[in-house]
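Letters go in sequence order (proteins before strands), and every chain restarts at 1. What you see below is based on every heavy atom in this structure, not just the backbone, and it leaves out hydrogens, waters and symmetry mates.
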Amino acid sequence: MTNADLVAALETIARYMELLGEDGFRVIAHTRAARTIEGVNDDLVAVGKGPDAAKKLTELKGIGPAIAKKLIELSTTGKCAELELLQAQVPVGLIPLLQLQGFGPKSVHVWWKEAGVTDIASLKAAVESGKIASLPRHSQKTVDKLKAALESAAQGAGRMRLGQARRLADRVVAQLRSRAEVLHAEAAGSMRRGRDSVGDIDIIVSSSDPAATSRAFTTLPMVQSVISAGDTRASVKMVAVGGSRWEKEEAADDEHADPSAAKGAGGPTMQVDLRVVPQEHFGAAMVYFTGSKDHNIHLRQRALDMGYTVNDYGVYVEDKADDTPPHKRKGAAGRPLASKTEADIYAFLKLPYIPPEIREDRGEFELKETPRLIEVADVKAELHAHTTASDGGMSILELATAAKARGFHTIAVTDHSQSQFQARGLKPDRLRDHIAAIRSAQEQIKGITILAGSEVDILPDGRLDYDDELLAELDVVVASPHNNLTQNSVDATARLVKAASHPLVHIIGHPTGRLVLRRKGLEPDMNAVIAAAKAHGTALEINAHWMRLDLRDTHVRAAVDAGCVIAIDCDVHAESDFDNLRYGVTTARRGWVTPDVCVNTWPAEKLHGWLKKKR
DNA sequence: GCCGTTTTCGGCCCGACTGTTTTCAGTCG
C-alpha cells in the first residue's frame, strides 16, 4: 500500500459514484483529495497507521473527516468498506468506458441501465445489434460518434510524453504564425506548464480572420481526423513526429503500438485543440487555458473575494443580478478590467506574474513577487555525457566541441561503469586509459574544461560499481541505478541513501530510473534520500531527457524545500541530446528551482571547487 | 464531501459547443 494506491482508491470511488449518478460534489471532493495526495511526498500510509492520523490527514487541503477515515481504513487494513460496497453494485468493466471521447458518466449510466452494457465488449455488441440506437437521445449521429470513439480507444490514443508533444506543438504554432491573418499563436495547456506527459495540446490564436485560421488548422498536413470545427474553436487528431533513439526502440517492442504508426506514419496520435480569440482577450485566454484546474479555481475564487469574476475573456465586475456572461453585457459592464496580457490579469488581482510551470495551486498564490526561476540560458555546464568509449555516438573531442558551441564552460565525460556490459561499460583498466585520453583531449581544445568522470552503477545493495581508489581518480562521479528497478521501497531507499552518502559521489543520476508512461522505477522514501543528499552535499539529478525527467517535478520541489542542490543533465549520447535541456529546465522550474541551487549554473570556479571538496 | 475576514449551512468555476431538442442535457476544458 503506497500513496499511489490511496490515490487509485479515491479515484475509483469517485468513478463508481459518477456511474451511480450520485451527487457530483461528492465526486469532485474525492477527485480533489486524490489530486492533493499526488502532490504530497510524505508517506501517507505511514501517517494513516500512526498516531493522530485523522488530525494530520485533515490538515491537507481537500481532505476532511470522511475521506480521512477512508484513508486510515485503507492504510491499516488495505481495504475500504465503501469501495467494496460500490464494487458490488457497479460492473468494473464500465470504468474504462468513461474514457470514451465525447461521452461521460450520464451516457455510460444509460447504456448500463437501459441496454445492459457492462464492459467494452457488451457495448460493441449493443452498438451492432442496434440496442444503443433505440435509446432516447441516441440518433444515428450519436451512434456514429460512439463507433469512432471505440475505434480511437482501440488504437490506444492516450497520453504523449512532453518531448513528443512539444515538437508537434512547435510545428503547429510555426505553421499558424506563418499566416498573414494570425496575430499571436502560442501553445498553452499542461504542455506549457511542462507536465511530463500530456493528454492533449491546446493552441491559442488571435486572428483577424478566425474562420480562415480555423480552416487552415483543420487542414494542416499532420491532421489525421477532424473531431469538431467551428470559427472560434476546433479539435483534431494529429500524428506525432518520430525520430529519436527511444522512439525507434519503442516502435519495435511496444505490443500496443498503433499498427499505422509502425508503417512509418509517424508516432502516436494526439488530440490538438485550437481556440481563436480576439486580440484584446489573448492574455485572458492564455491564463485560462494554461493554469491547472486547481490553479484556475483558486484564481477565480480570489477574484470573487475581491468582487470580480474571471473567465477566458478577462476580469469583470461581479454582478450577481445579471446572469449574462460578462463579456456579452452591454456598455461599460461588458468591457474587461484586464484581459490583454497575462501579466495584466495577475496584476489586477494583486498577484505577481506567475510563471506557467508553477500554476498548479501548490503555494504560488502566497508569492509576494515573481520568483527568478532557472532558465535554459543559465546553464553553463553538462555533467553527464557518454562517448564512443561506452554507448555514446561522439568522441571526447567531438563532445567537448559540441558543449563549447553551446556556450558551456565545462563538460564531464561520464561513460558507463563495468556492470553495464550491454552499454560497453568500462572495466577499471579501460577507465584508466580513458582518463588519460580525456587529459590528452583537454590539451587539444581551449575554452572549455573537460572533466574525467564516470556514470557509476549503484548496485542493488547500494554499493558502487568501482572501488573507492579508482573513484578518487575521477573529477566527477555520477552514481545511477540501472537495474533491479522493481525492488521494494525499503531496499530502494537503503540503496539510494547509501549512494547519496558516499563521500566520493557528487551526483545521483536519474534517481528512480522511471521512464515516463512506461516504467514506474524505484519508489524510495524520497524524503530520506533527500535528507541524505543534503547531509552529504550530494546533488540530485534532473535527467533532462523527456523519456526520463527523473527526478520528477514533485521530488524536485521537495529537494529544493529541503535545501538540496540540484543538477540538470542531458545524459548526452548524441549531439541532439543537448536540445533536451529545455525539458530538464522546465521540470526544474516546476520544482521552483532558482539558478543558485543548480550546480550547472555556477561559474566554473565555484563548480570545480564544489567537485574538489569531495576529493 | 469539503469549507469559511460577508457563511458551521449552503454554497461549490464557468462558458462554448454538440446534438437532440423546441428550451436543454451532456461533455469538455
Side-chain angles (χ1 to χ4, degrees), chain A residues 10 13-14 17-18 21-36 57-71 82 98-111 133 135-146 149 188-193 198-204 214 226-235 271-277 281 284-316 318 320 323-329 361:
Chain A
L10 290 178
I13 290 172
M17 291 196 304
E18 275 189 315
E22 287 192 27
D23 178 22
F25 292 116
R26 292 185 64 214
V27 175
I28 290 170
H30 283 84
T31 309
R32 291 195 69 184
R35 290 291 83 73
T36 295
L57 289 169
T58 50
E59 280 169 8
L60 295 166
K61 190 184 59 173
I63 295 177
I67 290 181
K69 203 171 152 218
K70 288 172 212 177
L71 294 176
E82 182 179 352
L98 294 170
Q99 302 298 319
L100 290 170
Q101 172 86 48
F103 297 91
K106 298 286 167 61
S107 300
V108 177
H109 183 86
V110 171
W111 302 336
L135 295 173
R137 300 181 63 89
H138 281 75
S139 70
Q140 189 56 45
K141 210 163 184 179
T142 304
V143 175
D144 288 345
K145 195 174 82 169
L146 175 54
S190 54
M191 195 190 65
R192 181 162 179 245
R193 297 202 309 280
V198 302
D200 63 12
I201 294 172
D202 296 292
I203 309 284
I204 314 296
S214 179
V226 178
I227 298 165
S228 70
D231 283 359
T232 63
R233 58 172 59 175
S235 292
Q271 181 168 331
V272 186
D273 296 333
L274 176 78
R275 320 255 161 185
V276 189
V277 300
H281 298 294
M286 287 297 286
V287 167
Y288 192 87
F289 291 107
T290 298
S292 74
K293 202 176 181 114
D294 288 341
H295 177 89
N296 286 350
I297 289 172
H298 197 142
L299 191 70
R300 238 169 243 292
Q301 192 56 54
R302 182 184 177 92
L304 288 173
D305 291 346
M306 294 168 71
Y308 306 113
T309 179
V310 181
N311 63 19
D312 39 337
Y313 291 87
V315 184
Y316 297 83
E318 164 77 346
K320 282 218 166 23
D323 60 1
T324 323
H327 55 285
K328 289 188 174 168
R329 288 180 199 148
D361 196 20

Problem set entry | Nearest-angstrom distance from the residue atom CZ of Arg302(A) to P of dC12(B) | 20 Å

Exercise. Quantified in whole Å, what is the P atom distance between nucleotide dA25(B) and nucleotide dT21(B)?
Worked result: 13 Å

Exercise. Is Phe25(A) stacked on the base of dC12(B) when the test is centres under 5.5 angstrom and planes under 30 degrees?
Worked result: yes

Exercise. Does some side-chain heavy atom of Leu274(A) sit less than 4.5 Å from a side-chain heavy atom of Val276(A)?
Worked result: yes

Problem set entry | Side chains of Asp312(A) and His327(A) in contact at under 4.5 Å (non-hydrogen atoms) | no

Exercise. Could you state the CD-C1' distance from Glu18(A) to dG26(B), rounded to the nearest angstrom?
Worked result: 12 Å

For this session: Could you check if the base of dT7(B) is syn or anti? Syn means the glycosidic torsion is within 90 degrees of 0.
Result: syn

Seminar exercise, completed: Across all chains, not counting sequence neighbours, the side-chain hydrogen bond (donor to acceptor under 3.5 Å, both in side chains) partners of Thr290(A) are Arg192(A)

For this session: Determine the interatomic distance between C1' on dT7(B) and the same-named atom on dC2(B); round to the nearest Å.
Result: 14 Å

Seminar exercise, completed: For dG15(B), the nucleotide meeting Watson-Crick or G-U wobble distances (both under 3.5 Å) is dC28(B)

Just the atom pairs and distances: protein N or O near nucleotides 3-8 of chain B's N or O, under 3.5 Å.
residue : atom : partner  : partner atom : Å
dC3(B)  : OP1  : Gly62(A) : N            : 2.7

Exercise. Rounding to a whole Å, what distance do you find between Arg32(A):CZ and dG11(B):C1'?
Worked result: 14 Å

For this session: To the nearest 0.5 Å, tell me how far Lys69(A) NZ sits from Leu71(A) CG.
Result: 12.0 Å

Exercise. Under a 4.5 Å cut-off applied to non-hydrogen side-chain atoms, are Arg137(A) and Thr142(A) in contact?
Worked result: no

For this session: Check Val287(A) against Asn296(A) and note the closest heavy-atom contact, atom names and distance.
Result: O-OD1, 3.8 Å

Seminar exercise, completed: When rounded to whole Å, the CG to P distance for the pair Asn296(A) and dC12(B) reads 17 Å

Exercise. Thr309(A) side chain to Tyr316(A) main-chain N or O, any donor-acceptor pair under 3.5 Å?
Worked result: no

Exercise. Between dC9(B) and dA16(B), how far is it from one P atom to the other, in whole Å?
Worked result: 37 Å

Table of protein N/O atoms under 3.5 Å from nucleotides 21-23 of chain B N/O atoms:
none

Exercise. Roughly how far, to the nearest 0.5 Å, is CZ of Arg32(A) from NZ of Lys61(A)?
Worked result: 6.0 Å

Exercise. Roughly, in whole Å, what's the span from CG in Leu299(A) to C1' in dC14(B)?
Worked result: 13 Å

For this session: Tell me what Lys70(A) touches on the nucleic acid: a base, only sugar-phosphate, or nothing, going by heavy atoms under 4.0 Å.
Result: sugar-phosphate

Problem set entry | Whole-angstrom distance between dG10(B) and dC17(B), as gauged at atom P | 36 Å

Exercise. How close or far is atom P of dG15(B) from atom CG of Asp312(A), stated in whole angstroms?
Worked result: 8 Å

For this session: Name all residues meeting the side-chain hydrogen bond (donor to acceptor under 3.5 Å, both in side chains) criterion together with His281(A); count only those two or more places apart in sequence or in a different chain, and write none if there are none.
Result: none

Problem set entry | Closest to side chain of Ala29(A), choosing from dG15(B), dC2(B), dC12(B) | dC2(B)

Seminar exercise, completed: Those residues at least two apart in sequence (or on a different chain) that pass side-chain hydrogen bond (donor to acceptor under 3.5 Å, both in side chains) with Ser235(A) are Asp273(A)

Problem set entry | Candidate pair Arg35(A) and Asp361(A), rule salt bridge (charged side-chain N to carboxylate O under 4.0 Å, His left out), full reasoning | CA-CA 11 Å; Arg35(A) 290 291 83 73; Asp361(A) 196 20; over 6 Å; no

For this session: Measure from NE2 on His327(A) to C1' on dC13(B) and round the result to the nearest Å.
Result: 14 Å

Problem set entry | Euclidean distance, atom NE2 of residue His109(A) to atom P of dA25(B) [Å, nearest integer] | 16 Å

For this session: Considering only atom C1', compute the distance from dG19(B) to dT23(B) and round it to an integer number of Å.
Result: 14 Å

For this session: Report yes if at least one side-chain N or O of Arg26(A) is closer than 4.0 Å to OP1 or OP2 of dG1(B); otherwise report no.
Result: yes

Output a table of nitrogen or oxygen pairs between the protein and nucleotides 27-29 of chain B separated by less than 3.5 Å.
residue : atom : partner   : partner atom : Å
dT27(B) : OP1  : Gly104(A) : N            : 2.5
dT27(B) : OP1  : Gly104(A) : O            : 3.0
dT27(B) : OP1  : Ser107(A) : N            : 3.1
dT27(B) : OP1  : Ser107(A) : OG           : 2.6
dT27(B) : OP2  : Lys106(A) : N            : 3.3
dT27(B) : O5'  : Gly104(A) : N            : 3.3
dC28(B) : OP1  : Gly102(A) : N            : 2.8
dG29(B) : N2   : Tyr288(A) : OH           : 3.0

Exercise. Which comes earlier along DNA chain B counting from the 5' end, the contact point of Asn311(A) or that of Gly230(A), where each point is its nearest nucleotide?
Worked result: Asn311(A)

Problem set entry | Rounded distance in Å between the P positions of dC3(B) and dC13(B) | 13 Å

Problem set entry | Thr232(A) side chain near dA16(B) phosphate (N/O to OP1/OP2, under 4.0 Å) | no

For this session: Taking all heavy atoms of His138(A) and all of Val143(A), pick out the closest pair and write down the distance.
Result: O-CG2, 4.3 Å

Problem set entry | Approximate separation, where rounding is to 0.5 Å, of Asp23(A) CG and Glu18(A) CD | 11.5 Å

